[in-house]
Amino acid sequence: MARFLVTGGAGYVGSHLVRALVARGDEVVVLDSLRQGHRGAIPAGVELVHAELADRRRVAEVFAAWKFEAVFHFAALSLVGESMREPLRYCVENTANSLSLADAAVQAGVRKFVFSSTAALFGMPKVVPIAEDADLAPASAYGESKLMVEKGLFWADQVHGLRSACLRYFNAAGADAAGGIGEDHDPETHLIPLCIGAALGTRPALTVFGTDYATPDGTCIRDYVHVSDLASAHLAVLPLLEERSLRYNLGNGAGYSVKQVIDSVERIGGRPVPHSFGPRRAGDPAVLVAASDALRRETGWQPRFPALDDIVRTAWAWHEAHPRGYGDR
Ligand code: UDP
């Protein structure tokens with residue numbers, strides 16, 4: 001049994017990792033501002049430190065109070081559109097706060113740091129599936145804010161020996177198959193919860209952003225990866241961090257279009273997804289699909305839910321059972 005710090009552990013992806021750690025018998029401390037996270041997402045027996053990452057004194061107190069095997073750092077702003085209105089906020093909250101967290105980890109003698117990075121590092125990719133060594137050219141302040149963290153972590157390894165795993169998530173989706181936790185953002189901007197909400201009548205009709213992309217059906221293609229598979233990847237990289245730092249793409253390697261997602265939700269839910277067709281959303285690449293071969297090969301990671309219908313089935317179950325999410329807003 002080991003003890004881990006999970007920042008953003010009350011949030012969507014973080015809470016799924018917390019559940020996986022608890023299932024292994026590990027001890028978990030969550031640090032979360034609860035701005036996007038939910039108290040109800042944290043299982044009994046897990047300590048919650050309700051604090052801002054920017055509060056360096058509180059963060060230092062956390063490292064003084066407990067000794068951690070590793071830090072899993074999820075807490076972040078994550079909206080591309082918002083980052084283009086408030087780029088400096090993303091630099092402060094994502095870049096500066098992440099690197100001061102890493103600094104606190106180094107000061108406390110923690111040797112392993114797992115960082116939620118993003119496919120947005122690649123901007124408008126020239127080649128898909130996107131390889132691990134593809135050009136890093138963020139097309140948004142959000143992507144840049146995460147890339148700057150990766151660069152800081154590189155130097156923290158060179159100088160201090162802080163081993164880091166930067167996991168570049170593609171499209172997180174779905175919910176724990178055991179129920180009880182799932183996706184609850186405010187505002188919600190992601191395709192699958194918006195489709196399901198439209199079908200359930202808890203949200204307005206969906207607008208499809210663009211039908212004139214160079215894809216077979218004209219709508220954007222994304223690589224949807226189940227949130228529990230994202231979580232298991234975080235566990236899979238830990239042993240390798242004994243040796244070296246890591247950078248991996250984290251996706252299924254298969255792409256689905258917006259229309260295919262709508263079809264899947266209609267198939268699984270047995271109800272139509274009311275929708276209309278609108279213009280493109282600024283900054284959306286036509287196709288974002290990961291080549292995750294390196295992660296699979298080097299860690300043995302395998303997704304349990306590679307099929308879109310299986311991902312949607314778990315998301316549908318969560319939203320149907322929790323039409324108001326955690327109900328704490
Ligand atoms: N999308 C859409 N309508 C919406 C929200 C999203 O057509 O109301 C599309 C979006 O343009 C993208 C895909 O769905 O092609 C996935 O978007 P999401 O925001 O879920 O994730 P992103 O790929 O932006 O991280």
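Order of appearance sets the numbers: ligands from 1, and atoms from 1 within every ligand. Everything numeric here is computed off the predicted structure, so don't read it as measured data.
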is_close_aromatic(H322, Y326), centroid dist under 6.0 Å =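 No, they do not, as the ring centres are separated by 6.0 Å or more.
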ask   = Under 6.0 Å between ring centres, would you say that holds for Y256 and Y224?
value =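 When the ring centroids of Y256 and Y224 are compared, they turn out to be at least 6.0 Å apart.
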task = Considering only NZ, NE, NH1 and NH2 on the basic side and carboxylate oxygens on the acidic side, decide whether E69 and K112 come within less than 4.0 Å.
result =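 Yes, this pair counts.
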query = Quick one: do D310 and R304 make a salt bridge, cutoff under 4.0 Å?
reply =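 Looking at D310 and R304, the cut-off is not met.
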message = The test is salt bridge (Lys or Arg N to Asp or Glu O under 4.0 Å); show your working for E150 and K146 and say whether it passes.
response = CA-CA 6 Å; E150 289 205 6; K146 293 275 185 174; over 6 Å; no
ask   = For residues 3-30, which residue pairs qualify under salt bridge (Lys or Arg N to Asp or Glu O under 4.0 Å), counting only residues two or more places apart or in two chains?
value =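 Counting only pairs at least two positions apart or across chains, the salt bridge (Lys or Arg N to Asp or Glu O under 4.0 Å) contacts touching residues 3-30 are R3-E27, R19-D176, R24-D26.
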inquiry  = Strictly under 4.0 angstrom, heavy-atom based: which residues surround ligand 1?
reply    =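 N171, T189, H190, L191, L194, L206, T207, V208, F209, C220, R222, Y224, V258, R281, D284.
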